[in-house]
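Each remark here refers to the structure printed beneath this line.
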Amino acid sequence: MNKKILDSKGSAVNYVSDLLIDAIKNNPSIVLGLATGSTFEDVYAEMARQIKNDKIDLSNVITFNLDEYVDLDKKHQNQSYVYYMNEHFFKWTNINRTNTHFPTDYEDDVALGKEFPEYDEKISIAGKIDIQILGIGRNGHIGFNEPGSSLNSITRCVKLTPSTIQANSRFFDSANDVPKLSVTMGISTIAKLTNKIILVVFGEEKREALQKLLDAKSYDANWPCTILYDYPDLTIVTDFKI
Ligand code: F6R
């Protein structure tokens with residue numbers, strides 16, 4: 001486990017964006033696992049700036065997003081993670097949209113508990129994710145794998161916990177407008193189908209979750225982030241001392 005404790009959010013953002021840009025330059029057909037949320041807004045903005053300045057070609061880059069809401073009402077379509085990725089990143093690049101994937105690409109029949117092995121298979125066929133970026137929830141979720149997620153879970157439709165709905169209500173008019181369901185890569189998807197993980201933890205309110213990971217000796221389903229305790233190539237980037 002490699003820990004990068006940066007002294008400000010700005011330097012942490014630069015660290016993560018430089019790492020991803022260098023990886024793209026070294027491997028123009030890289031497979032990236034992408035996350036959304038406020039943690040990554042500045043990372044994508046900095047990447048977009050460098051991509052424009054240095055005319056970096058993303059036409060062969062392949063991406064798989066971690067998660068997506070289910071049943072967003074019409075009024076809140078701009079809270080979808082497809083929309084987020086377009087606005088914050090894709091539209092500033094020449095990425096080929098057919099190379100970008102979301103776990104709701106198979107949306108015709110989404111219901112709580114439904115699994116989407118097609119998504120995991122697609123990641124396998126792409127040769128696994130070279131670098132996966134992850135944020136973390138205050139309750140230790142990664143992707144939308146909430147407390148209680150099984151070690152063997154694959155991409156599936158899950159229920160968001162009241163704490164996640166409350167945390168994400170800042171993007172909506174009220175907590176009532178936050179979707180109750182999402183489709184997320186599973187714990188096993190993240191553990192087995194990625195080669196390198198960059199976990200980005202901004203803000204003291206995430207300290208407890210991060211500490212559970214740092215102290216873990218095995219997977220604790222109450223804190224899904226603990227799946228990373230023995231992950232072979234994990235870099236943790238924080239903007240606070242740990
Ligand atoms: C988003 C995701 C979530 C977020 C987490 C932190 O794709 O998978 O796990 O990374 O909820 O969100 P922010 O960055 O908004 O604090």
Side-chain angles (χ1 to χ4, degrees), residues 9 12-13 16-17 20 32-47 63-70 72 76 78-90 100-105 116 119 123 129 131-149 153-172 175 178-191 193-194 197-210 212-213 223-228 234-240:
K9 188 175 168 196
V13 163
V16 177
S17 44
L20 291 170
L32 293 176
L34 300 178
T36 59
S38 34
T39 303
F40 293 102
E41 287 177 6
D42 293 348
V43 171
Y44 291 129
E46 175 54 23
M47 287 177 75
T63 66
F64 288 91
N65 264 78
L66 267 175
D67 42 19
E68 175 61 293
Y69 289 124
V70 173
L72 262 176
H76 293 100
N78 61 357
Q79 291 307 325
S80 81
Y81 291 161
V82 171
Y83 186 92
Y84 172 110
M85 288 310 306
N86 281 332
E87 285 305 301
H88 290 284
F89 191 51
F90 295 156
T100 67
H101 305 93
F102 287 82
T104 43
D105 290 346
F116 295 91
Y119 201 59
I123 298 172
I129 290 171
I131 303 183
Q132 174 70 56
I133 52 172
L134 289 180
I136 190 170
R138 271 174 255 189
N139 63 1
H141 73 212
I142 49 171
F144 276 137
N145 292 287
E146 299 282 35
S149 293
S153 53
I154 64 166
T155 301
R156 69 210 186 286
C157 180
V158 298
K159 199 169 163 186
L160 301 181
T161 58
S163 108
T164 298
I165 290 175
Q166 193 51 49
N168 288 7
S169 65
R170 68 193 192 279
F171 300 115
F172 293 80
V178 182
K180 309 290 174 279
L181 301 179
S182 85
V183 179
T184 180
M185 280 186 202
I187 291 291
S188 145
T189 319
I190 295 171
L193 296 181
T194 61
I197 290 182
I198 315 291
L199 175 68
V200 186
V201 189
F202 289 158
E204 280 288 335
E205 70 277 11
K206 312 257 178 95
R207 180 184 287 280
E208 185 186 8
L210 178 56
K212 293 287 176 188
L213 163 58
W223 295 90
C225 57
T226 55
I227 189 61
L228 304 176
L234 171 67
T235 299
I236 300 176
V237 181
T238 64
D239 64 352
F240 56 86

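Atom set for the values below is all heavy atoms of this structure, side chains included, hydrogens, waters and symmetry mates excluded. In listed order, ligands and their atoms are each counted from 1. By convention here, the first residue in the shown sequence is residue 1.
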Nearest 0.5 Å, please: how far is CD1 in Ile142 from CG in Leu66?
8.0 Å

Students often mix this up, so state it plainly: with edges at 30° and 60°, are the rings of Tyr84 and Tyr44 parallel, tilted or perpendicular?
perpendicular

Regarding ligand 1, does Asn168 bring an N or O atom to under 3.5 Å of one of the ligand's N or O atoms?
no

closest protein heavy atom to atom 8 (O) of ligand 1 is Asp67 OD2, 2.6 Å

Which of the numbered atoms in ligand 1 are below 4.0 angstrom from a heavy atom of Leu66?
8 (O)

Nearest protein heavy atom to atom 16 (O) of ligand 1, by residue and atom, and its distance?
Lys206 NZ, 2.9 Å

Among all the protein's non-hydrogen atoms, which is closest to atom 10 (O) of ligand 1, and how far away is it?
Gly135 CA, 3.3 Å

Among Gly143, Gly37, Pro224, which one has a heavy atom closest to atom 3 (C) of ligand 1?
Gly143

Working to the nearest 0.5 angstrom, can you tell me the gap between Arg156 CZ and Met185 CE?
12.0 Å

Which protein heavy atom lies closest to atom 6 (C) of ligand 1, and at what distance to 0.1 Å?
Ile136 O, 3.3 Å

If you have a sec, work out which protein heavy atom is nearest atom 11 (O) of ligand 1 and how many Å separate them, to one decimal?
His141 NE2, 2.7 Å

How many angstroms lie between atom OG of Ser153 and atom CG of Asn145, to the nearest 0.5 angstrom?
5.0 Å

Can you find a non-hydrogen atom of Arg170 under 4.0 Å from ligand 1?
yes

Please work out which of the three classes, parallel, tilted or perpendicular, describes the rings of Phe144 and His141, given edges at 30° and 60°.
perpendicular

Compute the centroid of each ring, for Tyr81 and then for Tyr69, and state whether the two points are separated by less than 6.0 Å.
yes

Quick one: does Thr36 get an N or O within less than 3.5 Å of an N or O on ligand 1?
yes

Quick one: CD on Glu68 to OG1 on Thr155, what's the gap to the nearest 0.5 Å?
13.0 Å

One should read off an interatomic distance between Met85 CE and Leu34 CG, to the nearest 0.5 angstrom, of 4.5 Å

Considering only protein heavy atoms, which is closest to atom 14 (O) of ligand 1, and at what distance to one decimal place?
Thr39 OG1, 2.5 Å

